Amino acid sequence: MCGIVGIVGKNARDIILNGLTNLEYRGYDSAGIYLNDLKGKEYLTKAVGRIKDLKEKMTPDEQGLVGIGHTRWATHGKPTVENAHPQFDETNRFYLVHNGVIENYRELKEKYLADVNFKSETDTEVIVQLISKIVRSEKLDTFTAFKKTLGLIKGSYAILLVDNTNPAHIFIAKNKSPLMLGLGDGFNVIASDALSVLDQTKTFVDLQDGEVGDITKDSYTIETLAGKKVTPKPYTLDIDPKVASKGTYEFYMLKEIEEQPAVIRRIAQKYLDKDGQPLVEPQIIDAISQADRIYIFAAGTSYHAGLVGKALFEEYTGIPTEVGYASEAGYHFPMMSKRPFMIFLSQSGETADSRVVLQQATKMHVPTLTITNVMGSTLSREADYTMLLDAGPEIAVASTKAYTAQIALQAVLAKALGEKIGSQKAKDFNLRKDLALAAEGIQEIVDGKEKLEKIAKKYLVKSRNAFYIGRGIDYAVALEAALKLKEVSYIQTEGFAAAELKHGTISLIEKGTPVIALINDPVTADLTRGNVEEVESRGANVVTIVSKKLAKKGDDIVLPNINYYLSPLLTVIPTQLLGYYASKDKGLDVDKPRNLAKSVTVE
Ligand code: M6R
């Protein structure tokens, strides 16, 4: 969602604009930057649209040694220049950027700021006006007034604040929204995502919820809101900045789709020994093996990966597994079994909906595991255990490689757990071989991608709506396939349990409606083909995606054979490519679909 970059001690303009560009993938609709040259000149520029629109509004003399920048994804108030950040106070002394949502901003406005003339509709302006008011009315220094203001605020925030009467400092605060400090030689940089500033430093310090900091070019102090000093240990983030670049690809989405064979191989290498035995922390396996039921919570694509996880856990461990939308469970907590274990699937590790459930689980002493792509992310820090996907940075808003990595890692976990509790099926599960087949199979599908581009052009690009159908595990993939197509191409797409169409939805099928059938389940393959005939006879343009052993003459995409429970690793690939090409051929911004954000840090 929103992105933050700030720096003190170095040419702030380029570093901030570059950092914000690196964060573009997270989704935003306006951007802004405040610069101070420490010699009395300051500049504020804001623009609706993209970073390039912001750059176009900036004059060459707008430079600074201190600066804060922001990309905003509108929550309170439309995307306008006034609502863009940095927000400033009525005396034009304080400049502030904020990620998150201030829940009690209306009350604060009425109680403390009734006489202030607000320039924006944002919750953020309340923070900066309040700091200003407290400094003036209580004669406090800025840092103390900042902390006092934070004490009045309810909600989530990552904040950077500059006071132009003392501009060599950036004051920072974090609660429930990510924020980290990057340490440099003669400068310090602050960002909501380390990826944005990896070209400046690889040494970071994470702030925890309820912490505030005072950052200068060669010092930093961090303390709790109650004033207790903290000394977090700096760590090195060993990511090659090039990994997060598009290279020769037009869009990240295709790059990330094509990275999947490597991701699957990396997971096999990291989590299986040379004999194919799972390498999972024994404490994790011990903890899950005590459970009488596994609960998986997630959102969007990660939820869909959880549906495949359910099939894997139930098949190889025999432990009943439930999958829920975190956004639903947060406030309608499910009835638990006697010995539950909870797994949180999250690419970003920052999804606010999942965090609500995790916090509730922690209060109830339910043991928890986060499976995430981001080391040190909030969900990984707050769960009892973490397993890392190691899929590399996923930049395109549409999640692809995280989905397959989540399935592969759940398969590792299912095998490890099944073996621990004596499941013969788990012992016989040759995961090493199956993951190698999956990696080869994905490569084969990717190598034949032109065929999928033709199908997308022929059936999807001009279509208003589309359907994916499947049964069993194919139904789980149909849901993900539909999400992928609709989110990037804006073609309204539904994923359907194949047989359910005839119970109502088949009335939507008309001449030319694209229906893509996924067929990997030997038990129901013929039945699904029957459903294909039903829609075909009503004029649908049918595309079949079928595993080799079930393929028939005339099938469109034939997938290499693989263990049924891992078949989603292959089935999903053509559907990701169909989404990609439909979006690209419609001339859309594939990596940044409208209204969407990469990591959804508001509930
Ligand atoms: O970071 P997370 O995996 O927790 O994100 C959950 C969803 O927001 C995410 O999977 C979303 O549905 C995808 N970007 C869609 O492609």
Side-chain angles (χ1 to χ4, degrees), residues 240 243 247 249 252-280 301-302 304-305 308-309 311-312 315-316 345 347 371 373 387-394 396 398-416 426 428-452 473-474 476-477 480-481 484 518 520 545-549 551 557-580:
D240 179 352
V243 177
Y249 285 89
Y252 280 106
M253 186 177 175
L254 185 60
K255 174 176 181 266
E256 290 161 6
I257 290 172
E258 296 200 357
E259 280 170 358
Q260 290 175 104
V263 170
I264 299 297
R265 287 194 183 101
R266 197 156 56 229
I267 288 177
Q269 214 164 35
K270 176 169 173 187
Y271 287 103
L272 297 174
D273 70 12
K274 61 178 180 5
D275 302 318
Q277 284 310 297
L279 297 167
V280 181
T301 292
S302 296
H304 297 149
V308 180
L312 284 160
E315 173 68 10
Y316 293 110
L345 294 178
Q347 188 285 130
I371 297 182
N373 201 24
M387 287 175 78
L388 283 178
L389 296 173
D390 267 333
E394 192 181 66
S399 185
T400 52
K401 60 179 178 172
Y403 172 82
T404 42
Q406 283 166 341
I407 292 172
L409 210 52
Q410 289 178 101
V412 171
L413 202 52
K415 178 168 170 65
D428 297 341
F429 186 14
N430 191 342
L431 187 54
R432 196 178 177 84
K433 184 180 122 236
D434 287 341
L435 289 181
L437 284 176
E440 275 168 34
I442 296 172
Q443 193 59 58
E444 194 179 315
I445 300 162
V446 164
D447 290 346
K449 59 182 184 282
E450 288 74 21
K451 187 161 183 193
L452 290 151
I473 217 162
D474 289 328
V477 182
E480 170 56 13
K484 212 62 10 183
L518 311 179
N520 291 286
I545 299 178
V546 188
S547 61
K548 198 166 175 185
K549 58 179 178 288
I557 301 292
V558 176
L559 306 171
N561 289 331
I562 194 168
N563 172 342
Y564 168 71
Y565 291 95
L566 291 176
S567 63
L569 294 178
L570 298 185
T571 321
V572 80
I573 308 297
T575 74
Q576 294 173 343
L577 287 161
L578 287 175
Y580 171 76

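The first residue in the sequence is number 1, and the count goes up from there. Only a predicted model underlies this, so the values are computations on that prediction, with no experimental measurement involved.
- Checking side-chain atoms of D273 against main-chain N and O of D275 turns up a donor-acceptor pair under 3.5 Å.
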| task | I would like to know whether I371 and L388 meet side-chain contact (heavy atoms from CB on, under 4.5 Å); could you show each step before the answer? | result | CA-CA 6 Å; I371 297 182; L388 283 178; over 6 Å; no
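- Residue L570 comes nearest to A438 through the heavy atom pair CD2-O, 3.5 Å, listed as atom of the first residue, atom of the second, then distance.
- Partners of S567 by side-chain hydrogen bond (donor to acceptor under 3.5 Å, both in side chains), not counting sequence neighbours: none found.
- Side-chain contact between P278 and L431 is absent, with no heavy-atom pair separated by less than 4.5 Å.
- Using modelled atom types, no side-chain atom of K548 and backbone atom of N561 make a donor-acceptor pair closer than 3.5 Å.
- A search for ring pair (Phe, Tyr, Trp, His ring centres under 6.0 Å) contacts involving Y316 returns F429, Y565, not counting sequence neighbours.
- Within a 6.0 Å sphere centred on NZ of K549, heavy atoms belonging to other residues, nucleotides or ligands number more than 12.
- Annotation for V572 and T575: closest pair O-OG1, 2.6 Å, computed over non-hydrogen atoms.
- Remark: the backbone N or O of S399 is paired with a side-chain donor or acceptor of K484 at under 3.5 angstrom.
- A distance of 12.5 Å separates NZ of K449 from CD1 of I573, quoted to the nearest 0.5 Å.
- Here salt bridge (charged side-chain N to carboxylate O under 4.0 Å, His left out) pairs that include residues 434-444, with residues two or more places apart or in two chains, number zero.
- Looking only at side-chain heavy atoms (C-beta outward), Y271 and M387 come within less than 4.5 Å of each other.
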Under 3.5 Å, side-chain donor or acceptor atoms of residues 403-410 against the rest of the protein: list the pairs with distances, not counting sequence neighbours.
residue : atom : partner : partner atom : Å
T404    : OG1  : Q260    : OE1          : 2.7
T404    : OG1  : K401    : O            : 3.2
Q406    : NE2  : S302    : OG           : 3.0
Q410    : NE2  : A305    : O            : 3.0
Q410    : NE2  : Q406    : O            : 3.2

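- You'll find the side chain of Y252 stays beyond 4.5 Å of the side chain of I257, heavy atoms only.
- In this structure, CD on E480 lies 7.0 Å from CD on Q576, to the nearest 0.5 angstrom.
- Using a 4.5 Å heavy-atom cutoff, the side chains of V308 and L569 are not in contact.
- Atom CD1 in I557 sits 4.5 Å away from atom NZ in K451 (nearest 0.5 Å).
- Put simply, the side chain of Y249 reaches to within 4.5 Å of the side chain of E258, judged on heavy atoms.
- Rounded to the nearest 0.5 Å, atoms CG (L452) and CD1 (I445) are 8.5 Å apart.
- Using a 4.5 Å heavy-atom threshold, the side chains of P568 and I473 count as touching.
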Residues 263-270, side-chain donor-acceptor partners within the protein, below 3.5 Å, at least two apart:
residue : atom : partner : partner atom : Å
R266    : NE   : D390    : O            : 2.9
R266    : NH2  : D390    : O            : 2.8
K270    : NZ   : D390    : OD2          : 2.6

| task | Check the pair L577, L254 against side-chain contact (heavy atoms from CB on, under 4.5 Å), reporting the backbone distance first and the verdict last. | result | CA-CA 8 Å; L577 287 161; L254 185 60; 3.8 Å; yes
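- Between N520 atom CG and N563 atom CG the span is 11.0 Å, to the nearest 0.5 Å.
- Side-chain atoms of N373 come within 3.5 Å of backbone N or O of G392 as a donor-acceptor pair.
- Between P574 and L559 the shortest side-chain heavy-atom distance falls below 4.5 Å.
- Between V558 and I545, every side-chain heavy-atom pair lies at or beyond the 4.5 Å cut-off.
- Checked against side-chain hydrogen bond (donor to acceptor under 3.5 Å, both in side chains), Q443 has the following partners two or more places apart in sequence or in another chain: D447.
- Of the possible donor and acceptor atoms, one in the side chain of E394 sits under 3.5 Å from a partner among the backbone N and O of A402.
- Between atom CG of residue L437 and atom CG of residue L566 there is a gap of 9.5 Å, rounded to the nearest 0.5 Å.
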